[in-house]
Chemist: 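Before anything else, here's the structure in question.
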Amino acid sequence: MAGRTKRGRSNLSRRRFLELLGCSGLGGALDTNRLLEWLGGLGVGTPLPDFQEIPASQSGITWRHTAGISKMRYEPETLGAGCAFLDYDNDGWMDIYLVNSGPCDFYTPKTPLRNALYRNNRDGTFTDVTEKAGVQGNAYGMGVTVGDYDGDGYPDFYLTQYPRSILYHNNGDGTFTDVTKKAGVETPGWTTSAVWFDYDNDGKLDLFVCHFVEYDKEKNVFCGNSLTDQRWYCKPNVYRPTKSWLFHNNGDGTFTDVSRESGIASAPAKAWGVVACDINNDGLMDLFVSNDTVANSLFVNQGKGKFEDIGALAGVGYNTFGNARSGMGVDAADYDQDGWVDLFVSNVDHEMFSLYHNEHNETFRDVALADGIGRKTMLMSGWGVKFFDYDNDGNIDLMLCNGHPDIDVKQYAPTVSYREPMLLYRNIGRDYKSGRCFVDVSRQSGPIFSRRIAGRGMAIGDFDNDGSVDVLVAVNDDAPILLRNNAGRKNHWLGLRLIGKKANIEAIGAKATYQAGTLLRHQFKVSGGSYLSSHDPRMVLGLGQETKIDWLEVKWPGPGGETERFTGLPIDRYITVVEGEKKWK
């Protein structure tokens with residue numbers, strides 16, 4: 001990696017050292033983190049943790065989430081919110097979007113609340129541009145999904161809220177327009193996660209929106225201590241399930257609701273999280289949806305606009321004893337490199353989280369206990385979850401963001417906490433002695449993993465473009481947490497931005513395969529995942545200590561998607577590959 005030796009020690013020059021101090025005459029400002037890293041590489045001072053929390057005083061992100069928690073314990077108060085990394089101005093640097101609560105039938109804020117869009121200043125700091133951009137939100141916000149639905153090269157986003165959602169169209173000049181009604185994507189009720197994906201391979205991004213339960217102020221159920229009249233937040237089994245939405249992109253800025261004819265609306269549920277991925281390698285994007293107190297849904301794409309929910313038959317709907325769990329966050333990746341996408345779902349305490357291994361026949365096997373994840377999460381409640389190669393060694397790791405949904409949980413479950421620590425699992429490849437792929441490295445990866453938070457949404461993205469994928473955490477009723485990844489800089493990498501032409505512009509559903517010396521790896525480009533959140537659309541391919549990429553193959557989305565091969569690639573930088581151009585830039 002540029003600026004490092006193979007041992008991971010800094011190889012910065014005296015000139016660069018002076019630049020870090022801000023005294024080289026080049027007008028540079030003091031970059032404390034980079035300076036400490038350089039000194040740590042020389043064995044001076046304390047090395048930086050793998051994940052380092054960036055304080056608001058340094059990042060400029062001073063916004064904080066307000067839940068409006070009340071004695072009535074209205075359910076949405078404790079279950080938000082989400083966040084996103086996105087490059088809204090197309091300058092090559094990830095910006096940040098944060099979702100807040102807002103006015104609705106059960107909540108009137110004492111002071112006006114709004115969401116926040118922060119522009120990346122390219123120096124580790126951010127500037128609030130929300131008002132100029134016009135993306136404040138207008139109801140009780142939940143989550144966000146980012147995608148260029150009209151293919152104009154600028155990312156748009158869909159904001160889920162209670163009791164109405166918003167489609168913000170990116171005007172390309174730093175502003176957005178609410179086009180919800182014009183586009184035909186109004187979703188009345190309580191929406192949660194959403195995802196952009198191309199289910200019919202026509203090259204246009206369609207939209208799936210999770211609907212949670214039938215809810216309004218008058219439907220708020222009493223749960224708690226009847227003797228003292230003290231309310232707790234209810235378990236969602238007291239609320240009626242609802243139908244989620246699937247919208248087909250018409251290609252003219254409008255969408256058609258195809259929820260009923262596609263089969264998506266055939267099974268009312270209580271949807272929290274969603275990830276779009278191809279679970280059977282047929283070139284058609286499927287949907288894994290986590291549901292709370294009812295079976296999870298695995299909507300397999302049958303082609304011709306039809307989906308079938310095989311969650312129960314596939315082994316991902318219920319637990320081993322046939323009981324529905326409280327599914328919340330989800331994700332998908334081929335963590336063991338066998339060529340098939342695996343699934344993950346986080347649940348509430350006393351249910352364990354699930355790591356579902358793909359058995360190559362549209363069934364899955366829960367290996368969370370065997371891999372040590374089940375036992376560790378027995379008393380935890382998970383929300384944001386993401387597979388990604390945090391240390392760039394070529395293996396897909398796993399990060400979990402946790403926190404119980406009920407602020408009063410200690411009163412009826414003394415062994416469970418409302419605020420919980422995050423977890424980081426490093427993928428070591430299959431350890432044939434223990435049979436495990438994942439090892440819990442939380443304690444040694446930074447102070448943030450000892451801190452207890454009411455974690456909810458979590459997004460990943462490389463905000464400083466150093467190849468180490470960073471993390472953004474949305475905390476209920478508190479300030480967000482921005483984590484800089486220092487671990488990935490110990491290894492080499494290649495960043496990949498894919499742009500579809502025949503395929504959808506985001507290249508969702510593509511597969512990148514690469515050889516670097518003895519390292520042969522692949523990554524599937526899924527869409528969505530985590531909880532209420534959206535991620536950096538670029539792929540980062542970890543190379544470990546290999547200093548050369550022998551070749552890269554990109555299989556573009558769709559059953560007949562072409563495979564393109566590239567050689568002579570650089571390392572430790574981002575490149576762009578456009579479908580059909582047969583070259584990178």
Side-chain angles (χ1 to χ4, degrees), residues 65 67 74-84 97-102 104 106 115 137 139-146 157-167 180 185-197 207-216 219 233-237 239-247 259 264-265 267-276 287-294 296-297 299 325-331 345-348 381-385 401 403 405 455-459 474 476 527-535:
H65 180 257
Y74 294 110
E75 210 76 7
E77 295 171 352
T78 190
L79 300 171
C83 56
Y97 190 72
L98 299 159
V99 182
N100 210 345
S101 66
C104 62
F106 64 80
N115 302 340
Y140 199 99
M142 293 300 297
V144 57
T145 181
V146 180
F157 63 89
Y158 192 79
L159 177 65
T160 60
Q161 303 181 133
Y162 167 82
R164 56 186 174 274
S165 298
I166 301 175
L167 175 58
T180 316
V185 289
E186 295 173 292
T187 51
W190 183 0
T191 54
T192 52
S193 295
V195 67
W196 297 100
F197 73 124
L207 177 66
F208 177 87
V209 183
C210 292
H211 199 173
F212 187 43
V213 295
E214 290 187 8
Y215 190 85
D216 60 39
K219 291 186 175 71
Y233 288 109
C234 293
K235 191 174 181 180
N237 58 0
Y239 294 106
R240 294 182 60 183
T242 55
K243 301 172 183 177
S244 293
W245 287 276
L246 177 64
F247 293 99
S259 310
I264 292 295
K270 303 175 183 181
W272 273 137
V274 59
V275 61
L287 293 167
F288 181 47
V289 181
S290 59
N291 293 312
D292 200 336
T293 67
V294 296
N296 296 324
S297 297
F299 291 108
R325 291 188 279 188
S326 303
M328 296 183 292
V330 297
D331 202 22
V345 60
S346 58
N347 300 299
V348 80
S381 299
W383 302 92
V385 344
C401 174
R456 296 296 185 263
M458 182 178 74
N476 185 261
S527 183
S530 191
Y531 173 75
L532 305 180
S533 302
S534 197
H535 316 282

Chemist: Shortest non-hydrogen contact from Gly327 to Val345?
Modeler: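 Reported closest heavy-atom pair: CA-CG2, 4.0 Å.
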Chemist: Using 0.5 Å steps for rounding, measure from the NE2 atom of His535 to the CG atom of Asp331.
Modeler: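 One gets 6.5 Å once the value is rounded to the nearest 0.5 Å.
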Chemist: Using the test side chain to side chain donor-acceptor pair (under 3.5 Å), find all partners of Thr187 that sit at least two apart in sequence or belong to another chain.
Modeler: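 Applying side chain to side chain donor-acceptor pair (under 3.5 Å) to Thr187 gives Tyr158, Ser165.
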Chemist: Suppose we screen for salt bridge (Lys or Arg N to Asp or Glu O under 4.0 Å). Which residues come up paired with Lys235, at least two apart in sequence or across chains?
Modeler: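 For Lys235, no residue satisfies salt bridge (Lys or Arg N to Asp or Glu O under 4.0 Å) once neighbours in sequence are set aside.
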Chemist: Check whether any side-chain heavy atom of Met328 sits under 4.5 Å from a side-chain heavy atom of Val348, and report yes or no.
Modeler: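 Heavy-atom side-chain distance check passes, below 4.5 Å.
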Chemist: Got a second to check how far Phe208's CZ is from Phe247's CZ, nearest 0.5 Å?
Modeler: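 Between atom CZ of Phe208 and atom CZ of Phe247 there are 10.5 Å.
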Chemist: Could you grab the distance from atom OG1 of Thr78 to atom CZ of Arg456, nearest 0.5 Å is fine?
Modeler: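 Going from the OG1 atom of Thr78 to the CZ atom of Arg456 covers 4.5 Å.
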Chemist: Is it true that a side-chain atom of Asn476 and a backbone atom of Gly80 form a donor plus acceptor pair closer than 3.5 Å?
Modeler: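 Checking the backbone N and O of Gly80 against the side chain of Asn476, a donor-acceptor pair under 3.5 Å is found.
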Chemist: Are any non-hydrogen side-chain atoms of Met142 and Leu79 less than 4.5 angstrom apart?
Modeler: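 When only atoms from C-beta onward are counted, Leu79 and Met142 do touch, with a gap below 4.5 Å.
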Chemist: For the pair Ile264 and Leu287, evaluate side-chain contact (heavy atoms from CB on, under 4.5 Å) and give the outcome as yes or no after the intermediate values.
Modeler: CA-CA 10 Å; Ile264 292 295; Leu287 293 167; 4.2 Å; yes
Chemist: Check for a donor-acceptor pair, side chain of Ser530 on one end and backbone N or O of Gly384 on the other, with a separation under 3.5 Å.
Modeler: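 Between the backbone of Gly384 and the side chain of Ser530 there is no qualifying donor-acceptor contact (under 3.5 Å).
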Chemist: Spell out, as yes or no, whether a donor-acceptor pair under 3.5 Å connects the side chain of Ser290 to the backbone of Val330.
Modeler: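 Here the side-chain-to-backbone pair does not exist.
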Chemist: Within this structure, what is the OH-OH distance for the pair Tyr74 and Tyr233, rounded to the nearest 0.5 Å?
Modeler: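 If we round to the nearest 0.5 Å, Tyr74:OH and Tyr233:OH are 10.5 Å apart.
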Chemist: Is the distance between the ring centroids of Tyr162 and Phe212 less than 6.0 Å?
Modeler: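 No, ring centres 6.0 Å or more apart.
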Chemist: Please name all residues satisfying side chain to side chain contact (heavy atoms under 4.5 Å, CB included) with Ala265, sequence neighbours left out, ordered by chain then number.
Modeler: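 With neighbours one apart ignored, the set is Lys243, Ser259.
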Chemist: For the rings on Tyr239 and Tyr215, is their centre-to-centre separation under 6.0 Å?
Modeler: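 Yes, they do, as the ring centres are separated by less than 6.0 Å.
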Chemist: Any non-hydrogen side-chain atom of Leu532 less than 4.5 Å from a side-chain atom of Val99?
Modeler: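 Leu532 does not reach Val99 side chain to side chain.
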Chemist: Which atom pair, heavy atoms only, marks the closest approach of Lys219 to Glu214?
Modeler: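 Taking Lys219 first and Glu214 second, the nearest heavy atoms are CD-O, 3.8 Å.
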Chemist: By salt bridge (Lys or Arg N to Asp or Glu O under 4.0 Å), which residues pair with Asp292, not counting sequence neighbours?
Modeler: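 Scan of Asp292 (salt bridge (Lys or Arg N to Asp or Glu O under 4.0 Å), adjacent residues dropped) gives none.
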Chemist: So Ser297 and Asn291, do their side chains get closer than 4.5 Å, heavy atoms only?
Modeler: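 Contact flag for Asn291/Ser297 side chains = yes.
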Chemist: Can any side-chain N or O of Ser193 pair as donor or acceptor with the backbone N or O of Val274 at less than 3.5 Å?
Modeler: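 Here the side-chain-to-backbone pair does not exist.
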Chemist: At their closest point, which heavy atom of Ala459 faces which heavy atom of Cys83, and how far apart are they?
Modeler: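 So the minimum-distance heavy-atom pair works out to N-SG, 3.8 Å.
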Chemist: For the side chain of Ser101 and the backbone of Gly141, is there at least one donor-acceptor N/O pair under 3.5 Å apart?
Modeler: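 No; zero donor-acceptor contacts below 3.5 Å.
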Chemist: Applying side chain to side chain contact (heavy atoms under 4.5 Å, CB included), name anything that partners Ser534, two or more places apart in sequence or on another chain.
Modeler: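 Partners of Ser534 under the side chain to side chain contact (heavy atoms under 4.5 Å, CB included) test: Ala84, Thr145, Val146.
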Chemist: First locate atom NZ of Lys270, then atom OG of Ser244, and finally report the distance between them rounded to the nearest 0.5 Å.
Modeler: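 Reported value, rounded in 0.5 Å steps: 13.0 Å.
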Chemist: Is the side chain of Glu75 donor-acceptor paired with the backbone N or O of Cys234 at a distance under 3.5 Å, no angle test?
Modeler: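 Side chain of Glu75 to backbone of Cys234, a donor-acceptor pair under 3.5 Å: yes, one is there.
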Chemist: Can you find a pair of side-chain heavy atoms, one from Thr293 and one from Ser326, that are under 4.5 Å apart?
Modeler: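 With C-beta onward as the side chain, the pair touches.
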Chemist: Between Val385 and Ser346, what is the shortest heavy-atom contact and its length?
Modeler: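 Looking at all heavy atoms of both residues, the closest pair is CG1-OG, 3.7 Å.
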Chemist: For side-chain contact (heavy atoms from CB on, under 4.5 Å), just list the numbers for Asn296 and Trp272, CA-CA rounded to whole Å, side-chain angles, deciding distance to a tenth of an Å, and then say yes or no.
Modeler: CA-CA 10 Å; Asn296 296 324; Trp272 273 137; over 6 Å; no
Chemist: Kindly indicate whether the side chain of Leu246, heavy atoms from C-beta on, has any atom under 4.5 Å from the side chain of Phe197.
Modeler: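 When only atoms from C-beta onward are counted, Phe197 and Leu246 do touch, with a gap below 4.5 Å.
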Chemist: Restricting to non-hydrogen atoms, name the atom on Cys401 and the atom on Gly455 that form the minimum distance, rounded to 0.1 Å.
Modeler: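 Reported closest heavy-atom pair: SG-CA, 3.5 Å.
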Chemist: Considering residues at least two apart in sequence or located in another chain, which fulfil the ring-ring contact (aromatic ring centres under 6.0 Å, His included) criterion with His211?
Modeler: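 Result, ring-ring contact (aromatic ring centres under 6.0 Å, His included) vs His211: Trp245.
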